[in-house]
Protein chains: 2
Amino acid sequence: MNITSDDARVRLLEAALDLFTEKGYAAASVSEIVRRAGVTKPMLYYYFKNKEGIYSELMAQALTDFKILLKKYENVEKDVYIQINNMFRDIMNLHAARLKYARLIYAMVYGPPQGAPFIDFEEYHAIMAEMLNKMIRKGVENGELEDVVTEDFTTVLLSVLFFCMDTQIIKCSCMMDSEDVSRITGKLFDKIIIKRGEG
Amino acid sequence: MNITSDDARVRLLEAALDLFTEKGYAAASVSEIVRRAGVTKPMLYYYFKNKEGIYSELMAQALTDFKILLKKYENVEKDVYIQINNMFRDIMNLHAARLKYARLIYAMVYGPPQGAPFIDFEEYHAIMAEMLNKMIRKGVENGELEDVVTEDFTTVLLSVLFFCMDTQIIKCSCMMDSEDVSRITGKLFDKIIIKRGEG
DNA sequence: CAAAAAACCTACTTATCGGTAAGTAAACCC
DNA sequence: GGGTTTACTTACCGATAAGTAGGTTTTTTG
């Protein structure tokens, strides 16, 4: 069967994403989701197990692209500053492009589950921290960076990245983009870079 | 009438704080709040206007201490590094002591309102950013700090502070406290301090 | 063309929601 | 002692929640 963007299933997912983002899992009702999708309620139960099922489907979609992006920077051997810069740029751009999904994830990370199924976001946080630690250690080993306390520098870098991501989530007076991230982390690296990578 | 911690009103507030923190505004029902408080439902409507009213009362309590703390550091004229260090320590300690309230606020800042009344948390964010900008400019004027782009340095400092606060909110593998904040921001200042304050 | 599958519907279920009406009991005050 | 106020109760309201039974219509397939 030919799946198009007009399909009921796709419209249901879009409506659910909108309403979960606007209102949260508990406050977004099944009735409202199907109304916005333009179908009747049993249709939701035809395509998904239940309310929790459509939510999990959305979460799976939200995390897929992020996993792919992380895999791209898994094994960095040199030009650590440039690679970290590129990775942060890619993360910020993906984040900006998928803001609705990002809002959904933020709500689950920082807020209570409100009856939504559990997803371990800390796993991704730990993966990112470990990747940065590896990259920075490699940079020190390569002589690209001066010897720093890797964990603390990783903390500062992640802090800046997350802060800038946050400014796109909350209605912030100073919204920041990937150029802001590059500029600020560039200044941080300037204090410890010994030799820049080729580029 | 003698108000004690066993009073129905206090027990209702405590139960509401627990349930709003655990489940979120929408998913925490009035029935559950009064059940946990050990009273009947009309009691909640006797002490508060409605569900929204008890929530707003909790928010007011949560923000009061934070406002007092910010006022304490409103007008800093010298020893900028030490003052910022002290302010961050106080914020981290208040945060750690009021984690339940902090969780409630985080859920509202990063998640959808879920029908809860609107509170402008961005105001506090902007106030903190402006305070730090002022302090850092004052430090540069005093010759305590080398000339930096104030906004960027403020961004990095706030990033580290919020990151460490975040690690206490989410179930994080590396929970950070005020000493971590002091150590990391100390390293950041070491790169730009010209003359330390007395003490 | 008929059967099967897919996609959809109406009508309905049970349970719980936020909230209130009307009342009772205890404490207080004149 | 009686009236008032405070603190509390039971019983109930209308509305909406998530979800399903049983059916119809449309599309696909042999």
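Lettering follows sequence order; numbering is per chain, from 1.
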**Fill in**
ring pair (Phe, Tyr, Trp, His ring centres under 6.0 Å) filter on Tyr55(B), not counting sequence neighbours, yields Phe20(B), Tyr25(B)
**Message:** Checking Glu22(A) now: which residues fulfil salt bridge (charged side-chain N to carboxylate O under 4.0 Å, His left out) with it, not counting sequence neighbours?
**Reply:** Arg36(A)
**Prompt:** So which nucleotide from dC8(D), dC8(C), dA7(D) ends up closest to the side chain of Tyr46(B)?
**Reply:** dA7(D)
**Request:** Measure the distance from CG on Leu19(B) to P on dG18(C) and round it to the nearest whole Å.
**Result:** 11 Å
Mind listing the N/O atom pairs, protein and nucleotides 18-20 of chain D, below 3.5 Å?
unit_1, atom_1, unit_2, atom_2, d
dA18(D), OP1, Val30(A), N, 3.4
dA18(D), OP1, Lys51(A), NZ, 2.9
dA18(D), OP2, Val30(A), N, 2.8
dA18(D), N7, Lys41(A), NZ, 3.1
dG19(D), OP2, Tyr45(A), OH, 3.2
dG19(D), OP2, Lys51(A), N, 3.1
dG19(D), N7, Lys41(A), NZ, 3.3

**Request:** Say whether Gln61(A) and Tyr101(A), considering side chains only, have a donor N or O and an acceptor N or O under 3.5 Å apart.
**Result:** yes
**Prompt:** Considering residues at least two apart in sequence or located in another chain, which fulfil the salt bridge (charged side-chain N to carboxylate O under 4.0 Å, His left out) criterion with Lys67(B)?
**Reply:** none
**Whole-Å distance separating the NZ atom of Lys23(A) from the P atom of dT16(D)** = 12 Å
**Pairs flagged by salt bridge (charged side-chain N to carboxylate O under 4.0 Å, His left out) wherever residues 52-62 of chain B is involved - sequence neighbours left out** = Arg9(B)-Glu57(B)
**Asked** Is the distance from OP1 or OP2 of dC8(D) to the nearest side-chain N or O of Thr40(B) less than 4.0 Å?
**Response** no
**Fill in**
With sequence neighbours left out, the residues meeting ring pair (Phe, Tyr, Trp, His ring centres under 6.0 Å) with Phe48(A) are none
**Request:** Using a cut-off of strictly less than 4.0 Å, decide whether Tyr47(B) has a side-chain nitrogen or oxygen near OP1 or OP2 of dC8(D).
**Result:** yes
**Prompt:** Pairs counted as Watson-Crick or G-U wobble with both distances under 3.5 Å: what dot-bracket string results for DNA chain D, using | for bases tied to another strand?
**Reply:** ||||||||||||||||||||||||||||||
**Request:** Specify the separation, in whole Å, of atom CD1 of Ile33(B) and atom P of dG19(C).
**Result:** 10 Å
Per-pair distances, 0.1 Å, donor-acceptor, side chain in residues 153-160 of chain B, under 3.5 Å, sequence neighbours excluded:
unit_1, atom_1, unit_2, atom_2, d
Thr154(B), OG1, Asn133(B), OD1, 2.8
Thr154(B), OG1, Thr150(B), O, 3.2
Thr155(B), OG1, Glu151(B), O, 2.9
Ser159(B), OG, Thr155(B), O, 2.5

**Prompt:** Which pairs count as salt bridge (charged side-chain N to carboxylate O under 4.0 Å, His left out) when at least one residue sits in residues 84-105 of chain A, sequence neighbours excluded?
**Reply:** Asp18(A)-Lys100(A), Asp65(A)-Arg98(A), Lys72(A)-Asp90(A)
